[in-house]
Amino acid sequence: MNWELVYLPEAVKDLKKLDGNQQLLVLKAIRKVRENPLPVSEGGYGKPLGNKGGSDLTGLLKIKLRDSGLRVVYKLIRTETQMLVVVIGARADDEVYETADKRVRKHGDRNG
């Protein structure tokens, strides 16, 4: 079962900033994970986040695109089986995780 995919407006901008090949890699990874975005501990593809660089990202999950150095951070909205993409970007010194923390705080619980 594919989960409904929702993007924060900022995550859409993140995606558009990537070059064409990076966009394709990210979209392919999101499509795959969308089939089962649950945490690995529950048999899914998601890698849980906790405290990263001083940001509390408990409840968020990540997709690692190792070869490209990109990360996708998302949150599951289990009551509606939605997968909310919070941020897409390079790992660079945990900046992607700091951005995820800011966006989650900005958008509140409903949207991540």
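All figures in this text were calculated on a predicted structure; none of them were measured in a lab. Index from 1, following the sequence.
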Verdict with supporting geometry, Leu61 and Tyr74, side chain to side chain contact (heavy atoms under 4.5 Å, CB included): CA-CA 5 Å; Leu61 300 126; Tyr74 66 96; 3.6 Å; yes
Nearest atoms (heavy-atom pairs only) where Gly59 meets Lys75: O-CG, 4.1 Å
Rounded distance (nearest 0.5 Å) linking atom CG of Leu57 with atom CD of Glu98: 9.5 Å
Contacts of type salt bridge (Lys or Arg N to Asp or Glu O under 4.0 Å), residue Lys106, not counting sequence neighbours: Glu10
Exam field: side chain Arg103 to backbone Val86, donor-acceptor pair closer than 3.5 Å: yes
Per-pair distances, 0.1 Å, donor-acceptor, side chain in residues 28-44, under 3.5 Å, sequence neighbours excluded:
residue	atom	partner	partner atom	Å
Arg34	NE	Trp3	O	2.6
Arg34	NH2	Trp3	O	3.4
Asn36	ND2	Gly43	O	3.0
Glu42	OE1	Arg78	NH1	3.1
Glu42	OE1	Arg78	NH2	3.4
Glu42	OE2	Arg78	NH2	3.0

Pair listing, side chain to side chain donor-acceptor pair (under 3.5 Å) test, anchored in residues 57-68, at least two apart: Asp56-Thr58
Interatomic spacing from CD in Glu4 to CG in Leu84 - rounded to 0.5 Å: 10.0 Å
From Thr99 atom OG1 to Lys102 atom NZ, the distance as rounded to the nearest 0.5 Å: 6.0 Å
Point-to-point distance, once rounded to the nearest 0.5 Å, from CE of Met83 to OH of Tyr7: 7.5 Å
Residue from Val104, Asp101, Val72, Val73 passing side-chain contact (heavy atoms from CB on, under 4.5 Å) with Val87: Val73
Contact summary for Leu60 and Ala100, nearest pair of heavy atoms: CD1-CB, 4.3 Å
Atom of Leu70, atom of Ala90 and distance for their closest heavy-atom approach: CD2-N, 3.7 Å
Closest heavy-atom pair and its distance - Ala11, Ile88: O-CD1, 3.8 Å
Side-chain heavy atoms of Leu5 within contact of Val85, under 4.5 Å: yes
Rounded distance [0.5 Å steps], CD in Glu95 versus OG in Ser55: 11.0 Å
Expected output: side-chain Asp94 to main-chain Tyr97 donor-acceptor under 3.5 Å: no
In one Ile/Leu/Val/Met/Phe/Trp/Tyr side-chain cluster, 4.5 Å: Leu24, Leu15: no
Check: Gln82 side chain, Ile77 main-chain N or O, donor-acceptor pair, under 3.5 Å: no
Side chain proximity check, Leu8 to His107, heavy atoms < 4.5 angstrom: yes
